Protein chains: 2
Amino acid sequence: MDDRADENPPSWRSLPSWLLSQTAGHAQRLVGDGFAAVGARGYHYRLLATLAEHGPASQAALGRRSGIHLSDMVAAINELAERGQVQRAPDPSDRRRNIVSLTAEGRRQLRLLEKELAVRQEELLAPLAPGEREQLIGLLSRLLDHHDRQPGAAEEPWR
Amino acid sequence: MDDRADENPPSWRSLPSWLLSQTAGHAQRLVGDGFAAVGARGYHYRLLATLAEHGPASQAALGRRSGIHLSDMVAAINELAERGQVQRAPDPSDRRRNIVSLTAEGRRQLRLLEKELAVRQEELLAPLAPGEREQLIGLLSRLLDHHDRQPGAAEEPWR
DNA sequence: CACAAACGTTAGTACGACAAACGTTTTGAG
DNA sequence: CTCAAAACGTTTGTCGTACTAACGTTTGTG
């Protein structure tokens, strides 16, 4: 009775928002699997990468730069610290702060993660030709730019 | 010290997977806000739409068709039933089953949700010209097709 | 000095997705 | 016909990303 009735596609399957959510889901699964393969997750990569680019920083500064919510920093840094990939030391010049810095182990892990990342991006874009990949990247970048810049827009139309 | 140091973009900001996740995030926020404006969320819309397309069904069939995990159906249907948008009645011909069906109120709600959805899609794609929107939809559809069809691929390369 | 701000931390919420376990009911194979 | 397998609905809990609220500590400033 319900066996073969599922062939016609639901109406929402062609909505841009649905396509984005679904492809993003696949992307995140791919990348997440890659990270998990070396015992990490997204936050860890973002933190390690941010540290590598900007150098040691307080948790608050790190959160701002990596776009990770302050409330989530504690756990993420704890996890990295447990793995010996970052080091948390009190800032002698400001006792509110912990200065977080990359260890050699962290740098090694970052290299692994970047390698994984590259593989997974390839996998993600596999069905697209080089030109199409650039098209996609361009279109998505424009969408992202637009919505990052105009977070609220049209809250109080004109008044 | 940390004031103006955040201008250079993190390396991962141009990764396809990141672009997808972020744009999908914006999309989901937009659509989610639209749904919330009429007291619903994504699951509710998907269930109502599925019911409208395929007619009454058991929870299990509904879950398969809407792609919602069985474990999440109970709560979602409870919520819809509380709002009087669906009706849950035991199937007389199979006492394991609850037959879920749309009420007039549910149909009304679905129309509201669809209107919201259309508005939000527009908002989402605002920065793109019509031709570009089709390009994006085409590219995303191909990615989605590929990854839906090849869930695992390359698990045991060739033994 | 007093107060506001920044910092780190804890706890809780939301949403989409999934896994494991359980009792009930139906069905199919011996 | 019986008994085991399968389907169904349900509960409980987990994960990852993201966000809010509150709190104590430390700092810097009016």
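Note on naming: letters A, B, ... go to the chains in the order of the sequence lines (proteins, then strands), and numbering restarts at 1 for each one. These numbers were taken from a predicted model, which means no experiment stands behind them.
- The phosphate of dT9(C) has OP1 or OP2 within less than 4.0 Å of a side-chain N or O from Q59(A).
- Distance NE2 (H69(A)) to P (dA14(C)): 16 Å, rounded to an integer number of Å.
- Each of Q28(A) and V74(B) was assigned the nucleotide of DNA chain D with the nearest heavy atom; the assignment lying further toward the 5' end belongs to V74(B).
- Closest-nucleotide positions on DNA chain D for G67(A) and D91(A) were compared, and the one nearer the 5' end corresponds to G67(A).
- Taking all atoms of both residues into account, the shortest heavy-atom contact from R46(B) to T50(B) is O-OG1, 2.6 Å.
- To the nearest angstrom, P of dG16(D) lies 13 Å from CZ of F35(A).
- Using modelled atom types, one finds no donor on one side chain facing an acceptor on the other under 3.5 Å when comparing Q85(A) with R107(A).
- The shortest non-hydrogen separation linking Y45(B) to S11(A) is OH-OG, 3.9 Å.
- Put simply, the side chain of D72(A) and the base of dC19(D) share a donor and an acceptor less than 3.5 Å apart.
- The only member of L70(B), I77(B), N98(B), I99(B) that meets side-chain contact (heavy atoms from CB on, under 4.5 Å) when paired with L62(B) is I77(B).
- Here G32(B) lies out of heavy-atom contact (under 4.0 Å) with every strand.
- To the nearest angstrom, P of dA18(D) lies 12 Å from CG of L47(A).
- Here dT27(C) presents its C1' atom at 11 Å from CZ of R97(B), a figure rounded to the nearest Å.
- Distance R64(A) CZ to dA5(C) C1': 12 Å, rounded to the nearest Å.
- Phosphate proximity of dT9(C) to R88(A): present, with a side-chain N or O under 4.0 Å from OP1 or OP2.
- Between N98(B) and dT10(D), a side-chain N or O to OP1/OP2 separation shorter than 4.0 Å is present.
- Contact between the side-chain N/O atoms of R41(B) and the OP1/OP2 oxygens of dA14(C) is not found at any separation under 4.0 Å.
- An OP1 or OP2 oxygen of dA17(C) is reached within less than 4.0 angstrom by a side-chain nitrogen or oxygen of R46(B).
- For R95(A) and dG24(D), the shortest distance from a side-chain N or O to OP1 or OP2 is not below 4.0 Å.
- Pairing each heavy atom of L48(A) with each of L110(A), the nearest pair is O-CD2, 3.8 Å.
- Per the geometry, CG belonging to L70(A) stands 18 Å off P belonging to dC23(D), to the nearest Å.
- The base of dT20(D) sits with one of its N or O atoms less than 3.5 Å from a complementary donor or acceptor on the side chain of S71(A).
- You'll find that the side chain of Y43(B) is closest to dG16(C), out of dT10(C), dG16(C), dT27(D).
- H26(B) places its NE2 atom 14 Å from the C1' atom of dT17(D), with the value rounded to the nearest Å.
- For the pair L62(A) CG and dA6(C) P, the computed distance is 18 Å after rounding to whole Å.
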